[in-house]
Enquirer: 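Quick one: the structure is below, and I'll ask about it shortly.
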Amino acid sequence: MDHGRPMVEWFGITFDLSIILTSTTAAVLVVLLAFFLTRNMDPDKPTKLQNVIEWIVEFVQNISDNIIGKTKMPFIASFGVCLLLYIFIANLLGLPATISTTDTHVVWWKSPTADPHVTLTLAVMVMGFSHYYDVKTNGVKNYLAGNFRPYKFLFPFKLMEQFSGTLTLGLRLFGAIYAGEVLIMLLTSSVSSGIFPAVAASVPLFIWLAFKLFISGLQAYIFVVLTMVYVSVRLH
Amino acid sequence: MGDFFIFGLPVSIGTILYQLVIFSILVFVMHKLFIKKVVEMLNGRRDRVVEQIASTEKFKQEAREKLLEQEELLEEAKIAASNIRKKS
């Protein structure tokens, strides 16, 4: 089952069109969701939709307060909320369908997070954000000196820690969602082997779809928590 | 298929760049347009609740003091009334 990707070349660099399509869709959906949830906000009498957005923001603020402590940068709440919503919606995009052309088997619609490019880019952005936060709070000198803080010979280990942390953060998300998609494709391809295997495969398919829904939310939550943990490790 | 190969797997730089750009735009748009409003509203509500509780405490304290004053005045009035009755 070899599935290709639609690649084009602009200005000498290769782009993957299906990822451009699906990640833009996920981003637009996040903005639309936020827009509809914050439309008529009343500070004293919260409406139902306003409660939802308040719950989301307070949830992320709770996580950051518990792990980092009171912080003076309100940007961390929006970064966390963005990550949570974007990853959750991106994970859910591959759930209804995986669209591919019939003769060349080129996949056009799948979760953007089922691609290692996307998840590793997100992980690198999170790491970059934690470094930026460290420089902003402690200053450049402290940031550079903090690398040698407990013992000098631990410096290569600290480098490895940054590198491997980024890798695990990105690959964890990629592995969970990609495995879900592979299994969905496997179960749905049983349709081509006749009606009895198709009916027999429908029960595990439903169970797997429900599980994937749960996993989407869980992976988004884990990503946000680990973001906060990396930022707090950098700060202390 | 890709730009360069890491461990034999193709890596396309364009996808990475695009994802960087679109996620940064998303974070800035969310921060400026929506989340700032919500955070300010939550903080404003918390400050207002704290202020209301503090002023309620203050009013209760004043009410208690006034009650004590009233009772003292009542005692004095009773004593004055019994004095007047004794004289007459």
Side-chain angles (χ1 to χ4, degrees), chain A residues 4-5 7-20 23-24 26-28 30-31 33-35 37-39 41-44 46 50 53-54 56-58 60-61 74-83 85-87 90 112-113 115-122 124-125 128-129, chain B residues 1-70:
Chain A
R5 302 134 175 260
M7 305 279 228
V8 289
E9 235 182 83
W10 295 334
F11 316 117
I13 349 179
T14 16
F15 287 81
D16 188 338
L17 279 181
S18 70
I19 295 189
I20 292 184
S23 66
T24 317
V28 165
V30 171
V31 171
L33 186 74
F35 176 66
L37 287 180
T38 57
R39 246 210 323 184
M41 287 216 299
D42 189 352
D44 290 315
Q50 186 188 340
I53 188 76
E54 276 182 24
I56 295 177
V57 173
E58 277 185 343
V60 174
Q61 273 183 331
F75 194 66
I76 216 175
S78 11
F79 192 62
V81 169
C82 248
L83 271 179
L85 287 177
Y86 180 73
I87 295 180
T113 35
D115 195 290
H117 294 99
V118 167
T119 58
L120 283 173
T121 311
L122 284 175
V124 165
M125 283 173 81
F129 176 70
Chain B
M1 200 169 47
D3 285 332
F4 57 94
F5 288 79
I6 296 185
F7 304 122
L9 296 166
V11 173
S12 54
I13 303 242
T15 330
I16 297 183
L17 277 177
Y18 184 77
Q19 179 68 23
L20 270 176
V21 163
I22 201 139
F23 194 69
S24 317
I25 295 179
L26 178 71
V27 170
F28 278 115
V29 162
M30 289 278 282
H31 180 65
K32 280 283 187 299
L33 291 183
F34 305 120
I35 307 292
K36 238 189 190 172
K37 258 199 306 181
V38 178
V39 169
E40 277 167 9
M41 200 184 62
L42 288 173
N43 287 340
R45 187 189 297 164
R46 186 177 37 217
D47 293 337
R48 237 189 323 212
V49 165
V50 166
E51 192 187 305
Q52 279 176 351
I53 291 181
S55 70
T56 315
E57 276 301 317
K58 198 169 58 148
F59 287 146
K60 263 201 247 171
Q61 187 65 20
E62 277 180 22
R64 245 177 268 141
E65 286 173 5
K66 290 262 165 64
L67 196 62
L68 280 175
E69 270 178 41
Q70 287 281 12

Enquirer: So which of A:Ile53, A:Val124, A:Leu122 has the largest heavy-atom pair count under 4.5 angstrom toward chain B?
Expert: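 Looking at each of A:Ile53, A:Val124, A:Leu122 in turn, A:Leu122 comes out on top.
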Enquirer: Testing A:Thr24, A:Asp16, A:Thr121 for side chain to side chain contact (heavy atoms under 4.5 Å, CB included) with B:Tyr18, which one passes?
Expert: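 With B:Tyr18 as partner, side chain to side chain contact (heavy atoms under 4.5 Å, CB included) holds for just one option, A:Thr24.
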Enquirer: Of the backbone (N, CA, C, O) and the side chain (C-beta and beyond), which part of A:Val57 lies under 4.5 Å from a heavy atom of chain B, both, or neither?
Expert: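 Contact with chain B involves the side chain of A:Val57 alone.
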Enquirer: Identify all side-chain donor-acceptor contacts of residues 24-33 of chain B below 3.5 Å with residues at least two apart in sequence or on another chain.
Expert:
| unit_1 | atom_1 | unit_2 | atom_2 | d |
| --- | --- | --- | --- | --- |
| B:Ser24 | OG | B:Leu20 | O | 2.6 |
| B:His31 | ND1 | A:Ser78 | OG | 2.6 |

Enquirer: Tell me if the centroids of the rings in A:Tyr86 and B:Phe23 come within less than 6.0 Å of each other.
Expert: yes
Enquirer: State the CE-CD distance between A:Met125 and B:Gln19, to the nearest 0.5 angstrom.
Expert: 7.5 Å
Enquirer: Go through the atoms of A:Val81 and report whether side chain, backbone, both or neither lie under 4.5 Å from a heavy atom of chain B.
Expert: side chain
Enquirer: Below 4.5 Å from any heavy atom of chain B, which atoms of A:Leu37 appear? Answer side chain, backbone, both or neither.
Expert: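 The answer is neither part of A:Leu37.
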Enquirer: Can you say whether A:Leu17 sits under 4.5 Å from chain B via the side chain, the backbone, both, or neither, judging by heavy atoms?
Expert: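 The answer is neither part of A:Leu17.
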Enquirer: If the contact rule is any heavy atom under 4.5 Å from chain A, which residues of residues 42-53 of chain B qualify, in numerical order?
Expert: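 Heavy-atom contacts from residues 42-53 of chain B to chain A are B:Leu42, B:Arg45, B:Arg48.
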Enquirer: If you count heavy-atom pairs under 4.5 Å between each of A:Val118, A:Val28, A:Ile19 and chain B, which one has the most?
Expert: A:Val118
